[in-house]
Amino acid sequence: MPVEPIRKTNRLETNTKTLTFMWEEERSTDGSKWKFLEHKGPVLAPPYEPLPGHVRFFYDGKLLRLSAPAEEVATFFAKMLDHEYTTKEMFRKNFYKDWRKEMTSEEKSKITDINKCNFTEMSEYFKAQSEARKQMSKDEKLKIKEENERILQEYGFCVMDNHKERIGNFRIEPPGLFRGRGDHPKMGMLKRRIRPEDIIINCSKDSKHPKPPQGTRWKEVRHDNKVTWLVSWTENIQGSIKYIMLNPSSRIKGEKDWQKYETARRLKKCVERLRAQYREDWKSKEMRVRQRAVALYFIDKLALRAGNEKEEGETADTVGCCSLRVEHIKLYPKMDDQEYVVEFDFLGKDSIRYYNKMPVEKRVFKNLQLFLENKQPEDDLFDRLNTSILNKHLQELMDGLTAKVFRTYNASITLQQQLKELTTDESIPAKILSYNRANRAVAILCNHQRAAPKTFEKSMQNLQTKIDEKQKQLSATRKQLKGAKTEHKASHDDRSKKKAVQRIEEQLMKLQMQATDREENKQIALGTSKLNYLDPRISVAWVKKWDVPMEKIYNKTQREKFAWAIDMAEEDYEF
DNA sequence: TGCGTGACTTGCAAATACCATA
DNA sequence: TATGGTATTTGCAAGTCACGCA
């Protein structure tokens, strides 16, 4: 367990309800995460409501009335009909196979070809429903909102030790069709309905236990304070366990987050030593040491993920550093005016493409050539290495060090450097642009991409229109000001005109900054790094140093998640 | 040492809430 | 006062990493 740092200040948070210094409370050393835990259990998915009689399903052009279970699964497909998913062969095949399991024997004998199924009436019906929902009166909408709020109040909170905490996801996932990312072999399979009998409740013995719905029982009620989850169940697609856990604003998550950044800061202190070490290891006599050293170099330099091995055929084919294959890199002794260039091209987490060309040192290049010798494209690049070996090595180099700490460290240090480099003492919008650019540098490093928004072009146009209008307004107002001067109008009038010009100039600049920011951000996602990789104290310090309102950088949710950092960091904080 | 499993973090896209504008 | 565009929230899939067992 790393030693926790000492808080710098001791100011009271005046605007938060429950969180006063909880990140300072004593922690147990025996691995227990709480002493008392009480909650109301999960909110189950609403039961299936059969379709009204007028909504029909046709098979091979003929009307076919489906049994309720078969109909329910059919509606899952119908609801996705407009999505590209439903056109994919794998999706259709998996769906059809699972759908048949829900059919009566009569249905099974009648329905033999998914391509003869006509779901359009169902699809239209759901579209109409969602349209109707949009058209509801204000009153009706308000009612729904209030009901949701009531459920949130009842099920959305728990008591952990002395705090009332927000729960992250208190609803059980409803049944539906599994949508994997990328080329997932299980896409379209039926995600079955979770019943109370599937659910494990975790709470403290001396708490009021959540009650299962009338006539049902939980699979188990346990009292395990070595874990943080409140509810769990096993999902049927991969057989993995799903959990209900606390919101990021909670003590237990905040503390863990803080600890994560402290580990990264400890890496900062010894990273040069480690770099020297792996450079030395490039020369090692042992192949496994050289592979380890080159992999670590990639992880450090390119912020690659560790790359656990995956079960073939169970998930999409994606890789990280240790699982890179020969086919994922190309070596160029010379490329343009650079020497020893490595080209990376592979699908990473969530099947996001990683493409990069990087000149490396000769020694790395020579090692890579050696690793590639006598191998097929589908062979592992690092055949003497996996994440377990790598992490064991890292653990020996520094307590608590794992591959992902490098990502956290490099992300945070990059933000800090970039902020230092980019921020100038200009207007607030200019500072915000600098901040976003620093954030962007990190997102690019970590390969956090997004699909360009569908409305991107239009949105840029809209902004440009606004800019043009503002420009016109500015020149008009300037003209007026000139006119006023020549006519020797009252100086009072003159001054207010000057002010107006200034104001419009500011507005124009703000718009231009926005446009630049948006353009640069077209395919970059800032959220993930902001939420998971950037030590929030860097941002808090920056905000204080440059007098930028906190809410320009962190929205409400983010301020709640980072309450600990906001309380802790002063303007001189150094990561 | 390898492997399966459990707990927890990270990640993108879709859904929804919110707000400015016609 | 509806509309449409943006910001925020939610949903849940897909990673990482430690641990226990053979």
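To find a chain, count down the sequence lines: A is the first, B the second, and so on, and within it residues start at 1. Worth saying up front: this structure is predicted, and the values here are computed from it rather than measured.
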Check your understanding: Under 4.0 Å between a Lys/Arg side-chain N and an Asp/Glu carboxylate O for A:E262 and A:R537?
Key ->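 Looking at A:E262 and A:R537, the cut-off is met.
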What is the distance, rounded to the nearest whole Å, between atom [atom1] of [X] and atom [atom2] of [N]?
X: A:L390; N: B:dT1; atom1: CG; atom2: P; value: 16 Å
X: A:N169; N: C:dT10; atom1: CG; atom2: P; value: 11 Å
X: A:Q259; N: C:dA18; atom1: CD; atom2: P; value: 12 Å
X: A:F456; N: C:dA7; atom1: CZ; atom2: P; value: 12 Å
X: A:N148; N: C:dG11; atom1: CG; atom2: P; value: 10 Å

Nearest of [options] to any side-chain atom of [X]?
X: A:H83; options: B:dA14, B:dT10, B:dC12; answer: B:dA14
X: A:R305; options: C:dG15, C:dC17, B:dC8; answer: C:dG15
X: A:R181; options: B:dC12, B:dT21, C:dG15; answer: B:dC12
X: A:F178; options: B:dT10, C:dA13, B:dT21; answer: C:dA13
X: A:T557; options: B:dT21, C:dT9, B:dC8; answer: C:dT9
X: A:D350; options: C:dG11, B:dC12, C:dT6; answer: B:dC12
X: A:H448; options: C:dC12, C:dT16, B:dG11; answer: B:dG11

Review point. Could A:K164 and A:F157 be counted as a cation-pi pair, given that NZ or CZ must be under 6.0 Å from the ring centre and within 45° of the axis?
Key: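 Yes.
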Check your understanding: Taking the inter-plane angle between the rings of A:F298 and A:F344 on a 0 to 90° scale, is it parallel (under 30°), tilted (30 to 60°) or perpendicular (over 60°)?
Key ->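 The arrangement is perpendicular - the two ring planes meet at more than 60°.
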Practice item. Check whether any side-chain heavy atom of A:V231 sits under 4.5 Å from a side-chain heavy atom of A:H39, and report yes or no. Key: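 Sidechains of A:H39 and A:V231: in contact.
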**Study point:** Quiz item: A:K349 side-chain donor-acceptor pair to B:dT10 base, under 3.5 Å
**Key:**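 Present.
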